[in-house]
Amino acid sequence: MEIAKTYTPSEIEDKWYAEWINKNIFHSEPDDREPFTIVIPPPNVTGVLHMGHALNNTIQDILIRKARMEGKNACWVPGTDHASIATEAKVVAMLRERGIAKRDLSREQFLEYAWEWKEKYGGIILQQLRKLGASCDWDRVSFTMDEDYYNSVIKVFIDLHKKGLIYRGTRMVNWDPKAQTALSDEEVNFKEVNSKLYYIQYPIAGSSDYITIATTRPETILGDTAICVHPDDPRYYSLIGKKAIVPLINREVTIIADTYVDKDFGTGALKVTPAHDKNDYELGKKHQLQSIDIFNPDGTMSEAAQLFIGLDRFAVRKKIVPELEEKGFLVKTEDIKNNVGYSERTDVVIEPRLSNQWFLKMKDLGEPALQAIEKNNIVFHPSKYKNLYRHWMEDIHDWCISRQLWWGHRIPAWYNENGEIVVAENLEEAQKAFQTQFPAAPNKNITQDEDVLDTWFSSWLWPEEVFKGITHPGNADISYYYPTNVLVTAPEIIFFWVARMIIAGYEYKNQKPFNDVYFTGIVRDKLGRKMSKSLGNSPDMLELIEKNGADSVRFGILICSPAGNDLLYDEKLVEQGRNFSNKIWNAMRLVKGWQEQGKITAEGEDNTQAIQWFDNKLNQVLAEIETYYTDFKISEILSTIYKLIWDDFCAWYLELVKPGRDAGISIQTYDATIVFFEKLMQVLHPFMPFVTEEIWSLLRNRKENEYCIISKYPKAGEINKNTLANADRIFELINKIRGFRNENNLSPKEALELNILSTDENLHLQWESKIIKLANISSFNFIKSPMEGAKQLVIKTDEYYIPHQADINVEEEKEKINKELAYTKGFLNSVVAKLSNERFVQNAKADILEKENAKRLDAEAKIKALEEALSRLN
RNA sequence: GGGUUGUUAGCUCAGUUGGUUCAGAGCGUUGCCUCGACAAGGCAAAGGUCAUCGGUUCGAGCCCGAUACGACCCUCCA
């Protein structure tokens, strides 16, 4: 069989994914094994796979695959959330294309379209995750609007309301005029923008005086109901209590005094618009001011504004300024930088707006969740996020959970004709509730609240309700899989989601939802810019996978993802992954070559040393990897395996044992090599599942159901440090001989004579044939004293001499030796200084002292050898 | 404004409880090599006063303080 010279991932990847699915390998059911559970951070149902998902899900897949190979019952639950704002926007857009306006539809009709959209386009991302190789249990796909899930959200709302934690209130909320809904504080992003500060003078009633205020939002003067100054500001003593006249609309407002005002900002006089500013609202409450709402829900001016009715708020700003100027009210404008809130979802400027919303009291709920992190019951990786979390939890605000949308979980609150409210699961229950709670009212026309709940109010139940832990408490799944092992997510949603899941976990399971939380970094392009749709700097994931293979994409993302730091993605890294696959592929071709040409023989070259060395090396790396896994240093694991395979296995081990052109390979060597190769594929499998499964299948004739993905993960064995150190000495010698060739422009084909002056001849004898092979040595001898007229190499206390007719540049040689001598002497001095320092000898630990003594002896021997070499050159 | 965090080779990053064979890796760069696994390759080389200043210590990339620049989060100055 001819094996292709380069590895081609596309068919191979599809083949193995289908095979794994076919064998039901990703599916998990509770049994007597230890569970290892991950719930996916549910992507938005409207989402498509981008770099962030790829990073996040590759890490989850790595952890799941590793656990599965360790014999744990690995369960990775996939799913999506319903994303009320985003989905509703998609549906509205779809309707617009069909010439249908949302306002012409009933709620029921709209929801029918929404489900149609969801069935047709929603959850594409789950298909895309398969391409990435994600080993999710696809029989367990959850959606936050599934029937049970829906019920769980309603159940929790009712329960929290019963506990007195949910209340309805009139509050200044963050209004998104585009989505036309309230948002929680967490959904508002503040951006520093260049604005203008407008100085506007208001005439004082019954006088020719003016009071000048400064504002960034001149359009809101139409809603002004007061002017506020600082009580201790002498400039305004005489004006307090008088009336000012709002320009253009001639409304008389009172000049009030409050210490809230900053005397030094602007003019020290503040216009107060209680309906459209959080602080003004507070002032308004305190001073019992009138509140005039001058905006419609879509951000246009309402009737109450009197002017510019129906015009957008920003258009009004443009129009009102010239008008104020024309009429002599505008004093001046100034450039200013200020922070403006934008909607997380629609990126429009948030309009503070007074409205009736539902809130969840967070303070008491948050307490166990704060403690969980403080006491390390849940561990954050990296731990720096602990501070961030504490900071937020200690100053937690009530959560605005209602949204003025249709797509989502409809708030189970009911109103009678008196505007009285009950909270109940359905109409029937609501009627009963009204009868007992408000028996005097007619309770005939009961209507349900029109609003839905914040999407996060459903996804905070995710780790519980994907196992139906809320709707069917105590069932077999929730008892077995909960708490889950690790959550892998982005730090951006630490408050939105992580904190709230922890809260819900303690409230409804009295138990944390996960043991560890691993926060990934932010994916940036190679210029360090955050990847975003608007910049268009995010590559098309499916194209990338198609072109390079999922393994390479996974490699490229992971190799540059230091724990908790941002990663700068560069397509070159994906190429590096592709090259790596190819390297492994070719190593396999070499090994297969031995098998197929019938080269395996009973006798053959003795490779005991090489096999022992690599066995130890492998064990050493396996142990190292284990500690990296516990520290979630995922990127380190990959680069460690990369070096192990490329440098140690391919460049050293295979070169050491590779038989000559027509020679055979011993059965012992062959078997050992296959075992090593298998172990390498196993440790790499979680990172690059496809190429490893393919190679695994080719290394031996496999039995039914004998797959790499479910093979037993190799355990680290005993490590003999001597074996490793000895091999390093030999490898260094080979390197130095190669370097000598390079420096002198000698062909690798030109064999050299090697004379060895060593106290450990036995070691050199053991490795003799390997040194001869890899360094191309023509004669291999031991000598008892330094050799004249030969190139000297010094490694620790061993000396090597290579007689060579090529001109050795004596001056250059001397300079090199002198340089090394100077360094070594300096080094020795520092060691001696240390050892003769009483305080060092007293304070340092025994093993450090021992090390220092050894350093001294080595350095002394080296200096002696170098000095001898120098004298021979003179 | 408050908080968290970072600044180590051209680039991206490792450097565990302070102890000079620890100043490292990968990529990139440079030179040589088509040698029967692999040019998506092989062999080798060059590259850093560990941001700056000061302190603690017998000893500091590592600990402490200040400065400069950056990142992120929070934030009611219109």
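Everything quoted here is computed from the prediction, not taken from an experiment. Throughout, a chain's letter reflects where its sequence line sits, starting with A, and its residues are numbered from 1.
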Which is true for A/Asn387 with a 4.0 Å heavy-atom rule: it touches a base, it touches only sugar-phosphate, or it touches nothing?
sugar-phosphate
When the nearest nucleotide of RNA chain B is assigned to A/Cys650 and to A/Asn745 on a heavy-atom basis, which residue is associated with the more 5' position?
A/Asn745
Rounded distance in Å - NE2 (A/His276) to P (B/A78)
18 Å
Taking any heavy-atom pair under 4.0 Å as a contact, classify A/Ser639: base, sugar-phosphate, or nothing.
nothing
Nearest whole angstrom, please: distance from the C1' of B/U4 to the CZ of A/Phe519.
14 Å
To the nearest Å, how far apart are A/Asn174 CG and B/C76 C1'?
12 Å
Between CZ of A/Phe677 and P of B/A37 the distance, given in whole Å, is 14 Å
For the base of B/G31, is there a side-chain donor-acceptor partner from A/Asn742 under 3.5 Å away?
yes
Atom P, compared across B/U5 and B/C27: separation rounded to whole Å
33 Å
Any strand counts, and the cut-off is 3.5 Å on both contacts for Watson-Crick or G-U wobble. Which nucleotide pairs with B/C43?
B/G31
Distance, P atom - from B/G61 to B/G3, rounded to whole angstrom:
29 Å
Could you measure between the two C1' atoms, the one in B/U29 and the one in B/G10, and give it in whole Å?
8 Å
Describe the nucleic acid contact of A/Asn339 in one word from base, sugar-phosphate, nothing, applying a heavy-atom distance below 4.0 Å.
base
If we take the P atom in both B/A78 and B/U4, what is their distance in whole Å?
25 Å
Pair A/Asp185, A/His397: side-chain N/O donor-acceptor within cut-off below 3.5 Å:
no
With syn defined as a glycosidic angle within 90° of 0 and anti as everything else, classify B/G26.
anti
Heavy atoms from C-beta onward define the side chain here; which of B/A78, B/A37, B/G41 lies closest to that of A/Leu270?
B/A78
Within the pair A/Asn338 and B/C77, is there a side-chain N or O less than 4.0 Å away from OP1 or OP2?
no
Can you see if the side chain of A/Asn586 gets near the phosphate of B/A40 - specifically, an N or O under 4.0 Å from OP1 or OP2?
no
Just to confirm, is there a sub-4.0 Å distance from OP1 or OP2 of B/G15 to any side-chain nitrogen or oxygen of A/Lys633?
yes
Starting from P on B/A44, measure out to CD on A/Glu743 and report it in whole angstrom.
12 Å
A/Arg524 side chain, from C-beta outward: closest of B/A78, B/G42, B/C72
B/C72
Closest nucleotide among B/G41, B/C77, B/C74 to the A/Trp646 side chain:
B/G41
Among B/G26, B/A44, B/A40, the one nearest A/Arg578 by side-chain distance
B/A40
For the residue pair A/Lys583 and A/Ser581, confirm or rule out a side-chain donor-acceptor distance under 3.5 Å.
no
Any side-chain donor near an acceptor of the partner, A/Lys633 and A/Thr627, under 3.5 Å
no
Base partner of B/C63, which must satisfy Watson-Crick or wobble distances under 3.5 Å:
B/G55
Going by atom types only, do A/Asp224 and A/Thr273 share a side-chain donor-acceptor pair under 3.5 Å?
yes
Between A/Gly739 and A/Leu654, who's closer to the 5' end of RNA chain B by nearest nucleotide?
A/Leu654
Can you tell me how far P in B/A71 sits from the matching atom in B/G15, rounded to whole Å?
23 Å
With the side chain of A/Lys643 defined as its heavy atoms from C-beta on, choose the nearest nucleotide among B/C43, B/G26, B/C77.
B/G26
Gap between atoms CG and P, on A/Leu590 and B/A37 respectively (whole Å):
6 Å
Among B/A44, B/C38, B/A78, the one nearest any side-chain atom of A/Glu655 is B/C38
Of all the nucleotides listed (B/A37, B/C73, B/A78), which has the minimum atom distance to the side chain of A/Val261?
B/A78
Can you tell me the pairing partner of B/U7 across any strand shown, Watson-Crick or G-U wobble, with both distances under 3.5 angstrom?
B/A68
Work out how far the C1' atom of B/C38 is from that of B/C33, and round it to whole angstrom.
15 Å
Sugar-phosphate only, base, or nothing, as touched by A/Glu492 at under 4.0 Å among non-hydrogen atoms
nothing
Looking only at B/G41, B/C76, B/G26, the nucleotide nearest the A/Asn279 side chain is B/C76
Side-chain N,O (A/Tyr642) to OP1/OP2 (B/C27) below 4.0 Å
yes
Nearest to the side chain of A/Gln576 - B/G26, B/A78, B/C74?
B/G26
Roughly how many Å apart are B/A39 and B/C32, using the C1' atom of each and rounding to a whole number?
14 Å
Strictly by modelled atom types, are A/Glu282 and A/Tyr260 linked by a side-chain donor-acceptor pair under 3.5 Å?
no
Whole Å only: how far is the CG atom of A/Asp262 from the P atom of B/G1?
14 Å
Electrostatic pair A/Glu860-A/Lys864, nearest N-O below 4.0 angstrom:
no
Polar side chain donor-acceptor pair, A/Ser747 to A/Glu750, under 3.5 angstrom:
no
Heavy atoms from C-beta onward define the side chain here; which of B/C76, B/C43, B/A14 lies closest to that of A/Tyr260?
B/C76
Is there a side-chain polar atom (N or O) of A/Lys749 under 4.0 Å from OP1 or OP2 of B/C33?
no
A/Lys547/A/Glu571 ion pair, N-O < 4.0 Å:
yes
Below 4.0 Å: OP1/OP2 of B/A37 and any side-chain N or O of A/Lys583:
no
B/U16 - base-pair partner by Watson-Crick or wobble geometry, distances under 3.5 Å:
none
Decide whether A/Thr215 and A/Tyr199 meet the rule of one side-chain donor and one side-chain acceptor closer than 3.5 Å.
no
What integer distance in Å separates A/Tyr281:OH from B/A78:P?
21 Å
Gap in Å between the two C1' atoms, one belonging to B/G2 and one to B/U17, rounded
33 Å
